[in-house]
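Remarks on the structure that follows.
These figures come from a predicted structure and were not determined experimentally. Whatever order the structure lists ligands and atoms in, that order sets their numbers, starting from 1.
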Amino acid sequence: MRNTRRRTAILISGRGSNMASLVAAARHHDFPADIALVLSNRPDAPGLDYAKEHNIATAAVDHKIYVGRESFEAVMQQMLEMHRIDLICLAGFMRLLTPSFTQRWQGRMLNIHPALLPSYKGLHTHERALADGVKIHGCTVHFVVPEMDSGPIIAQAAVPVLDSDTADTLASRVLAQEHVIYPRALEMVASGRVHIEGHRVLGACPRVEHAPLVVPALDEEEDG
Ligand code: GRF
């Protein structure tokens with residue numbers, strides 16, 4: 001086993017399906033990141049149970065008992081240091097972080113967002129995409145910077161928007177792709193294969209090797 005695996009903390013607030021996809025990827029010994037801690041701001045987050053069942057260290061730092069974000073983040077920082085964390089993956093972590101915390105972790109903290117950034121920053125991304133009538137939607141993994149949902153993009157996946165879609169069906173198709181790209185993005189960052197140049201993350205896609213996603217598909221049969 002390599003001893004250079006980057007010690008990674010996953011920060012969650014809820015069910016933790018993205019966390020589970022990262023845990024599953026990191027079970028392979030040649031994966032360059034090791035999930036060393038799952039931390040939640042909600043002591044009752046279902047994802048914590050999953051982490052415990054998989055013998056991963058967990059911590060709950062309940063934001064409600066701290067006065068102000070700084071003291072809450074100071075305790076999180078202590079936990080991260082105690083577990084000698086190199087990288088952070090935010091995975092459905094529903095607290096805004098202060099500029100000083102994000103700057104401290106700049107280039108070492110990733111987030112998954114359920115939209116093709118820079119479109120649809122913030123909440124209710126699927127509802128907004130449907131309301132706008134876009135034909136292609138998706139998800140993004142990016143580095144975290146002080147401005148919300150705005151850091152350099154590491155990976156994206158696109159899905160077609162179907163005529164029959166509701167916010168729920170669209171969300172579940174996007175979520176399936178989140179589970180594909182988040183482990184991939186962590187792998188790229190933890191192995192040191194990508195670097196940031198300006199606002200671009202380079203090294204992840206050196207060649208043309210993908211078919212374009214065209215909606216409606218060019219070979220689609222007409223429905224009578
Ligand atoms: C995901 O849709 C993610 O993109 C967003 O919050 C949701 C978390 O879901 N940031 P889960 O807890 O990973 O299942």
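Within 4.0 Å of ligand 1, heavy atoms belong to protein residues Arg15, Gly16, Ser17, Asn18, Gly92, Ile112, His113, Pro114, Glu178.
The closest side-chain heavy-atom distance from Thr8 to Ile88 is not below 4.5 Å. Inter-residue side-chain proximity for Met76 and Phe101 is flagged as met; some heavy-atom pair is nearer than 4.5 Å.
Surrounding NE2 of His199 are more than 12 heavy atoms belonging to other residues, nucleotides or ligands, all under 6.0 Å away. In the displayed structure, Met148 atom CE is contacted under 6.0 Å by more than 12 heavy atoms of other residues, nucleotides or ligands.
With sequence neighbours left out, the side chain to side chain contact (heavy atoms under 4.5 Å, CB included) criterion links Val75 to Val61, Tyr66.
The NE2 atom of His29 lies 10.0 Å from the CG atom of Asp34; values are rounded to the nearest 0.5 Å.
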